[in-house]
Amino acid sequence: MNTIYVDNNATTRVAPEVLEAMLPYFSDLYGNPSSMHTFGGKVGYKIKEARAKIAELIGAMPEEIVFTSCGTESDSTAIWATLESYPDKRHVVTTRVEHPAIKNLGEHLSKNGYRVTFVPVDRQGSLDLDYLYNSLSDDTAIVSIMWANNESGVIYPVEEISQEIKQRGIVFHTDAVQAVGKIPVDVKSTGIDFLSISGHKFHGPKGVGVLYVRKGTKFSSFMIGGHQEHGRRGGTENVASIIGLGKAAELAAQRLSVYGAKVRSLRDKLEEEILARIPNAMINGNRDNRLPNTTSISFEYVEGESILLMLDEFGICASSGSACTSGSLEPSHVLRAMGVPFTAAHGSIRFSLSSYNTEEEIDFIIAKLPPIIERLREMSPFWHEAAVAK
Ligand code: PLP
């Protein structure tokens, strides 16, 4: 059975070119980039190249790039570094739809002496900007708003918001983990002070990320140790992964427009056919303002996990809009924040495509999904109750 992988917001395959670029650093080129000898220096030079490629992808300067271990570390570093730099400020602003890397950190801070505002979104997943701006005060240390949502794909206007926040003298961070490599991201003419990236979301390896730190932004190191990353993140570099990430950035820059057009047309076909063939199905999130590769679809009166298991029998890998909380399945905080009705949120599936997907794969999903939903609804008391009520 072939694997049809449509779960690319969870992780992506490492591009063959990326793997090829990484391999020598596991064998022949094992020097420490900090060493004084030429053998280590060659590796140091390659890291410099990778830094330049990442910088180019997001319109930054190489010295503004700090390599980390993942998107989560980048997010945490931005928030903690700012709170440490502004010890008198005790207020943090974020949204109700962030990834747990920010959401759970926000909840942790609110239990530990900070005031945290979680800005709501509407049914389309769009942010309440008045709520955001009205929440700001002299006590606000940092505003953290994701560039694009990992579940709905909704894109947030972080370029405009960051300008407004900057004018008020507040630090602005964006979690761009789902945006980089999928849509154009350019920090140059924005007010963004910190931006998080994760390698494994755009065909780089797992275990490597980036924190962009705008020149002049106050920073205090989260990982104190050696002089690596100009003292901003101690620890011997994850050399092979950093070089892989650099290659992934180079490929993303070359392929961005082709990627967008291709995955959008596959995603749109998938959505249109599903909506045409399956009753009581709905798309979650603003359809005009989403990542080109993502769709979150709710099928009323069925459970997302059952759909996933049945798709899995055909080798189709997607993910659901639920999270296992204390042994029971709860609709995700993102869908709840968007006010998706309970009967629909429970039956939500996220398909997230990559440029490796083909039209044949999309046709296969379109052929397999309708009978799965029909079979599950036949077994669902809620579906029958709803039919009687009509
Ligand atoms: N932020 C967003 C929006 C994500 O989607 C993810 C991963 O799914 C992360 C942060 C965490 O990234 P990592 O897995 O590299 O820690």
Side-chain angles (χ1 to χ4, degrees), residues 5-14 18 54 58 65-80 94-108 118-119 121 125 127 142-158 172-183 185 192 194-212 222-223 233 238 241-242 244-245 248-249 252 284-285 289-296 317-324 332-335 337-338 348 350-354:
Y5 189 79
V6 279
D7 200 13
N8 288 279
N9 288 7
T11 196
T12 57
R13 71 184 286 178
V14 171
V18 168
I54 278 281
I58 62 165
I65 300 298
V66 177
F67 290 115
T68 65
S69 67
C70 59
T72 304
E73 185 190 322
S74 301
D75 285 349
S76 258
T77 303
I79 306 281
W80 285 119
T94 185
T95 79
R96 291 203 188 151
V97 293
E98 297 295 314
H99 183 274
I102 290 289
K103 173 186 165 283
N104 291 349
L105 176 58
E107 286 167 6
H108 173 83
F118 293 94
V119 179
V121 297
L127 270 185
I142 185 165
V143 174
S144 176
I145 294 178
M146 67 194 332
W147 198 305
N149 187 270
N150 44 302
E151 292 189 35
S152 64
V154 169
I155 296 170
Y156 293 103
V158 289
F172 186 83
H173 165 251
T174 182
D175 176 339
V177 163
Q178 293 292 346
V180 168
K182 294 180 183 150
I183 53 173
V185 166
I192 295 168
F194 292 108
L195 177 145
S196 303
I197 301 178
S198 176
H200 71 108
K201 305 293 185 180
F202 61 107
H203 306 295
K206 295 171 184 57
V208 64
V210 163
L211 180 64
Y212 158 79
F222 182 52
M223 194 90 100
R233 204 255 186 197
N238 181 358
S241 293
I242 288 173
L245 178 61
N284 300 312
N289 186 29
R290 280 179 303 163
L291 293 173
N293 77 320
T294 307
T295 178
S296 163
C317 311
S319 68
S320 79
S322 303
C324 193
S332 80
H333 68 280
V334 174
L335 298 180
M338 289 165 68
S348 296
R350 178 189 71 189
F351 295 104
S352 48
L353 280 53
S354 83

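Whatever order the structure lists them in is the order used to number ligands and atoms, beginning at 1. None of the values given here were measured: they were computed from a predicted structure. Position 1 is the first residue of the sequence; numbering continues from there.
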protein heavy-atom neighbour closest to atom 5 (O) of ligand 1 works out as Gln178 NE2, 2.7 Å

Pick from Asn150, Ile155, Val154: which one makes a side-chain contact (heavy atoms from CB on, under 4.5 Å) with Ser152?
-> Val154

Nearest 0.5 Å please: distance from the OG1 atom of Thr95 over to the NZ atom of Lys103.
-> 11.0 Å

Provide, to 0.1 Å, the distance between atom 10 (C) of ligand 1 and the closest protein heavy atom, together with that atom's residue and name.
-> Asp175 OD2, 3.4 Å

For atom 4 (C) of ligand 1, the protein heavy atom that lies nearest, with its residue and separation | His99 CD2, 3.2 Å

Under 4.0 Å from a heavy atom of Asn150: give me the atoms of ligand 1 that qualify, with their elements.
-> 3 (C), 5 (O)

Could I get the full list of side-chain contact (heavy atoms from CB on, under 4.5 Å) partners for Thr72, not counting sequence neighbours?
-> Cys70, Ala101

The salt bridge (charged side-chain N to carboxylate O under 4.0 Å, His left out) partners of Arg96 (sequence neighbours excluded) come to none

For ligand 1, the portion of Thr72 having any non-hydrogen atom under 4.0 Å away | both

Numbered in order shown, the ligand 1 atoms found under 4.0 Å of a heavy atom of His200 are 13 (P), 14 (O), 15 (O)

May I ask whether Lys201 has any heavy atom positioned less than 4.0 angstrom from an atom of ligand 1?
-> yes

Nearest-0.5 Å distance that lies between atom CZ in Phe194 and atom CD1 in Ile142 | 6.0 Å

Would you mind running through ligand 1 and noting each atom that sits below 4.0 Å from a heavy atom of Ser198?
-> 13 (P), 15 (O)

Looking only at protein heavy atoms, which one is nearest to atom 13 (P) of ligand 1, and how far off is it?
-> Gly71 N, 3.5 Å

Distance, nearest 0.5 Å, that separates NZ of Lys201 from NZ of Lys206 | 9.0 Å

side-chain contact (heavy atoms from CB on, under 4.5 Å) between Asn238 and Phe67: does it pass, once the steps are laid out?
-> CA-CA 9 Å; Asn238 181 358; Phe67 290 115; over 6 Å; no

Quick one: which ligand 1 atoms are inside 4.0 Å of a heavy atom on Met146?
-> 3 (C)

Just one of Thr94, Leu127, Val119, Thr174 clears the side-chain contact (heavy atoms from CB on, under 4.5 Å) bar with Ile145, so which one?
-> Leu127

Logged contact type for Glu98 with ligand 1, heavy-atom cut-off 4.0 Å, is neither

